[in-house]
Amino acid sequence: MNEIINFHGGHYRISLLKSIYRVRNQIEADIIRLAAGRHDEKGLRQAKYALARMANAETEKDRSAEYFNFIHALAMASENDVYPLLVNNFKPIYLTLGRWTCENMRSADFQKEGQHLLDLVNAGQAEAAVQDNVNLIRKNYQLLSGQDDLELG
């Protein structure tokens, strides 16, 4: 993962950015489906706390760290033992992309989108939550790349 994050000083080729978001989409879709179906209170509570800390964070670096914590908490809530490990392996990417997103988007909007996703998960609306995440991934890709050509399955 460090090879990817350090490529060209942390700046991605568009093709690499597409690949990263496609992998995130696949992994996060299953995480979200499982979390919505299993209602693991501890994991979902941790996701809620991460969003609250994100709302109060003072820097883009801190906001991106809390967004990572949010995704990691959803992975824990999925009750799949491998997903938290996979998400943790992608931590440098989440932190870098999250920081870039925070630098280019109002923090209140970023937090609000995470809250909407969590609300759908808490309501057990798995497919709506997955689609919401697809929209977030596309929006982030467009924000960072300036392109609207990300195809997600």
Side-chain angles (χ1 to χ4, degrees), residues 1 4-5 12-55 57 60 63-153:
M1 290 299 136
I4 293 172
I5 202 70
Y12 299 104
R13 294 184 324 253
I14 296 299
S15 63
L16 183 56
L17 196 61
K18 281 182 187 179
S19 296
I20 289 168
Y21 278 119
R22 285 180 182 142
V23 168
R24 277 190 53 190
N25 181 63
Q26 292 299 310
I27 292 170
E28 290 175 19
D30 200 42
I31 286 171
I32 289 166
R33 278 188 194 96
L34 291 171
R38 297 196 171 145
H39 295 286
D40 175 67
E41 287 185 35
K42 182 179 178 186
L44 295 176
R45 186 173 44 250
Q46 290 303 317
K48 177 183 173 183
Y49 294 155
L51 286 176
R53 290 188 305 268
M54 190 171 130
E60 286 85 4
R63 277 189 283 285
S64 66
E66 293 306 335
Y67 186 75
F68 166 79
N69 290 335
F70 170 68
I71 297 295
H72 190 266
L74 290 177
M76 296 293 291
S78 78
E79 297 181 348
N80 177 306
D81 294 336
V82 175
Y83 281 141
L85 300 172
L86 284 174
V87 168
N88 204 44
N89 277 327
F90 279 94
K91 185 175 184 174
I93 293 170
Y94 276 101
L95 293 177
T96 299
L97 294 180
R99 190 185 78 243
W100 290 349
T101 299
C102 288
E103 290 169 353
N104 291 286
M105 178 184 220
R106 288 188 37 217
S107 61
D109 293 339
F110 194 37
Q111 194 275 338
K112 182 179 176 183
E113 289 177 353
Q115 185 62 56
H116 185 256
L117 176 61
L118 183 58
D119 291 344
L120 291 170
V121 169
N122 276 322
Q125 296 180 9
E127 292 312 312
V130 167
Q131 187 56 53
D132 191 61
N133 197 57
V134 167
N135 294 338
L136 292 174
I137 286 173
R138 281 194 176 118
K139 183 177 183 176
N140 284 340
Y141 170 78
Q142 185 176 22
L143 182 70
L144 298 180
S145 71
Q147 299 184 19
D148 192 23
D149 62 345
L150 183 62
E151 303 227 358
L152 301 173

What pair of heavy atoms forms the shortest contact from [X] to [Y], and how long is it?
| X | Y | value |
| --- | --- | --- |
| Ser64 | Cys102 | N-SG, 4.2 Å |
| Ala129 | Ile32 | CB-CG2, 3.4 Å |
| Val130 | Ala29 | CG2-O, 3.5 Å |

Do [X] and [Y] come within less than 4.5 Å of each other through their side chains, counting heavy atoms only?
| X | Y | value |
| --- | --- | --- |
| Gln142 | Arg138 | no |
| Leu74 | Tyr83 | no |
| Ile31 | Leu86 | no |
| Thr101 | Leu144 | yes |

Hey, could you give me the [atom1]/[atom2] distance between [X] and [Y], rounded to the nearest 0.5 Å?
| X | Y | atom1 | atom2 | answer |
| --- | --- | --- | --- | --- |
| Lys18 | Asn25 | NZ | CG | 14.5 Å |
| Phe90 | Leu97 | CZ | CG | 10.5 Å |
| Phe70 | Met54 | CZ | CE | 8.0 Å |
| Asn140 | Asn133 | CG | CG | 9.0 Å |
| Glu103 | Leu143 | CD | CG | 10.5 Å |

Ring geometry between Tyr21 and Tyr141 (parallel below 30°, tilted from 30 to 60°, perpendicular above 60°): perpendicular

Exercise answer: donor-acceptor pairs, residues 36-51 side-chain atoms, under 3.5 Å, sequence neighbours excluded:
from  : atom 1 : to    : atom 2 : distance (Å)
Arg38 : NH1    : Ser78 : O      : 2.6
His39 : NE2    : Ala36 : O      : 3.0
Asp40 : OD2    : Gly43 : N      : 2.7

Salt-bridge criterion met for Lys139 and Glu113 (N-O under 4.0 Å): yes

Test item: Arg63 side-chain N/O and Ala57 main-chain N/O as donor-acceptor pair under 3.5 Å: yes

Backbone of Leu152 reached by a side-chain donor or acceptor of Arg22 within 3.5 Å: no

Pair listing, salt bridge (charged side-chain N to carboxylate O under 4.0 Å, His left out) test, anchored in residues 23-35, at least two apart: Arg24-Glu28, Arg33-Glu127

Within residues 66-81 or reaching into it, pairs that qualify as salt bridge (charged side-chain N to carboxylate O under 4.0 Å, His left out) - sequence neighbours excluded: Arg53-Glu66

Modelled atom types, side-chain donor and acceptor of Asp132 and His116, under 3.5 Å: yes

Check against side chain to side chain contact (heavy atoms under 4.5 Å, CB included), Asn88 and Phe68: CA-CA 9 Å; Asn88 204 44; Phe68 166 79; 3.5 Å; yes

